[in-house]
Protein chains: 2
Amino acid sequence: MLKKEKIPKVTIQRMAVYLQMLEELEEEGEEVVSSTRLAELCGVNSSQIRKDLAYFGEFGVRGVGYYVRDLIASIKHFLGIQKVWNCAIVGIGNLGRAILRYKDLSKKGYKIVGAFDCDPFKIGERVGDLEIICTRRLKEKAKDLNIKIGIITTPPNRAQRAANHIVEAGIKAIVNFAPTRIQVPDDVIVDYVDFSTHLIYLSFSLSNLGK
Amino acid sequence: MLKKEKIPKVTIQRMAVYLQMLEELEEEGEEVVSSTRLAELCGVNSSQIRKDLAYFGEFGVRGVGYYVRDLIASIKHFLGIQKVWNCAIVGIGNLGRAILRYKDLSKKGYKIVGAFDCDPFKIGERVGDLEIICTRRLKEKAKDLNIKIGIITTPPNRAQRAANHIVEAGIKAIVNFAPTRIQVPDDVIVDYVDFSTHLIYLSFSLSNLGK
DNA sequence: ATTTTTTTGTGAATTTTTTCTCAAATGGAG
DNA sequence: CTCCATTTGAGAAAAAATTCACAAAAAAAT
């Protein structure tokens, strides 16, 4: 039963995990999978999977399970990743370059179509098949290149300025890799990717083993 | 009042955000901050902050707020990041190199003391002040170098093998950047950092604006 | 010295998320 | 064709997380 409740962020995140695992299963030639088996592989509870899927519709067959290929297609469809999303990177340091060279992104439907930096020494340099462009030209380029997602990989003290350029360009979604919070209007979605947050979680857990 | 309940993972993650923001405030010369102000800056509810802190003790002064410098010290103490954590990177591709060159890590108490890869052409190569070592030697090196955290930055099909080496070396905490799940014993903590999960969340949100 | 204002810490209420349970559907075996 | 073993979908129950609301404490104002 499809509901129009709002879907929790954690559900979407788990969806991405299920999708990843389903694609591995498909590669291994599996045609059908039960929620129990998928749950084991993903390290979650099986009714969690069924509940998550129920937000979007009914995809399984009772007594059988889920057809892997079909479920992949359905998930991609309702997550909005059957199409290609054009992205811009702002801040071409080590991390920015690593992302630019990361081939899997295009396989997954994300294409980096613009590389921006405000350092005059970098502007004009080629990285892969892109030329680094001045961040001030982001607004003008965003339209031409149909950019929908901005990726911030600047140092923390430049992140807010990068965010401002992205917002001004009319882009409504940002992934921020800079280890700092940014302020944006309510209609812009920001997602934070912070390596040190993950390390902190681990060191806390290690410090508290057995407590 | 300090309780010995188990502390939710989300609390630890928010703690890392509060810490980040507190350090920015300290740099700006702020001496005191209220939960309301900190909450605004971090984009959360103010009683959320007070509840989170209550897991660890009482740090504020009624009618005043929190002393920024003291609170930073307390948080670092109970998160276990007053000391330095030695880490190993397994998989020296673009991402691995970007992390190796990422200076802020050591400022935050994480030191990368070993760079491992199984590609014979890479072994012996220098990256920064480390030499790339064969992954099979991880076990032997882990003791010498007192490695506590393993960072996987291999391609997905190598991630499980990397995880096996890390587990065999007696390391109990893993950050996995490879876009795949890994299987480890129950006493090993794994945290996943997956860029495409974040992009998927954004494309889903963009596809459903206003719905 | 007393009142007012501010702000923490925490129990209670609320909301959200997860897990449990089981009827209903499906395919295969006898 | 009927029975048995599976497995989904979804309501109910349980658990967890968040927010509310306010007494208690501290500082500032009168």
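Chain letters run A, B, ... following the sequence lines, proteins first, then strands; residues in each count from 1.
Using the Watson-Crick or G-U wobble rule with both distances under 3.5 Å, D/dT30 pairs with C/dA1.
In this structure, a donor-acceptor pair under 3.5 Å is present between the side chains of A/T180 and B/E24. Between the side chains of B/Y110 and A/S203, at least one donor-acceptor pair of N or O atoms lies under 3.5 Å.
Of the options A/I89, A/V90, A/T135, a side chain to side chain contact (heavy atoms under 4.5 Å, CB included) to A/T154 is made by A/V90 and by none of the others.
B/Q48 is linked by a side chain to side chain donor-acceptor pair (under 3.5 Å) to nothing, counting only residues two or more places apart in sequence or in another chain. In this structure, the ring pair (Phe, Tyr, Trp, His ring centres under 6.0 Å) partners of A/F78, at least two apart in sequence or on a different chain, are A/F56, A/F59.
OP1 or OP2 of C/dG11 has not a single side-chain nitrogen or oxygen of B/R50 nearer than 4.0 Å. In this structure, A/Q48 reaches the C/dT19 phosphate: one of its side-chain N or O atoms is under 4.0 Å from OP1 or OP2. For C/dT17, neither phosphate oxygen OP1 nor OP2 lies less than 4.0 angstrom from any side-chain nitrogen or oxygen of A/N45.
Comparing D/dA17, D/dT7, C/dT17 by their nearest atom to the side chain of B/V10 picks out D/dA17. Comparing D/dC20, C/dT26, C/dT8 by their closest approach to the side chain of B/S47 singles out D/dC20. Comparing C/dC20, D/dA10, C/dA12 by their nearest atom to the side chain of B/K51 picks out C/dA12. Distance from the side chain of B/P8 is smallest to D/dA17 among D/dG9, D/dA17, C/dT10.
Counting to the nearest Å, the C1' atom of C/dT17 and the CG atom of A/D52 are 10 Å from each other. Protein atom CD1 of A/I49 is 13 Å distant from nucleotide atom C1' of C/dT18, rounded to whole Å. For the pair A/L53 CG and C/dT18 C1', the computed distance is 15 Å after rounding to whole Å. Atoms CZ (A/F59) and C1' (D/dT8) sit 13 Å apart, rounded to a whole Å. Atom CG of B/L38 is separated from atom P of C/dT6 by 19 Å (rounded to the nearest Å). Look at CZ on A/F56: it is 18 Å from P on D/dT8, rounded to the nearest Å. The interatomic distance linking A/E58 (CD) with C/dA24 (P) rounds to 15 Å, in whole Å.
A ring pair (Phe, Tyr, Trp, His ring centres under 6.0 Å) check over residues 17-44 of chain B, counting only residues at least two apart or in different chains, returns nothing. Every pair passing salt bridge (charged side-chain N to carboxylate O under 4.0 Å, His left out) that includes a residue from residues 77-101 of chain B is listed here, sequence neighbours excluded: B/R97-B/E125.
Rounding to the nearest 0.5 Å gives a distance of 11.5 Å between OG of B/S196 and CG of B/L202.
Across residues 63-81 of chain B, B/G63, B/V64, B/G65, B/Y66 each have a non-hydrogen atom less than 4.0 Å from an atom of DNA chain C (numbered order). Across residues 15-35 of chain B, B/S34, B/S35 each have a non-hydrogen atom less than 4.0 Å from an atom of DNA chain C (numbered order).
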_Pair B/I152-B/F177, side chain to side chain contact (heavy atoms under 4.5 Å, CB included): steps then yes or no_ = CA-CA 6 Å; B/I152 299 178; B/F177 281 87; over 6 Å; no

*asked:* Between A/N164 and A/E168, is the side-chain hydrogen bond (donor to acceptor under 3.5 Å, both in side chains) condition met? List the steps.
replied: CA-CA 6 Å; A/N164 296 345; A/E168 263 193 60; over 6 Å; no

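Contact annotation for A/R37: no contact, since no heavy-atom pair falls under 4.0 Å across all strands.
Heavy-atom distances to DNA chain C give each of B/R62 and A/V61 a nearest nucleotide, and the one nearer the 5′ end belongs to B/R62.
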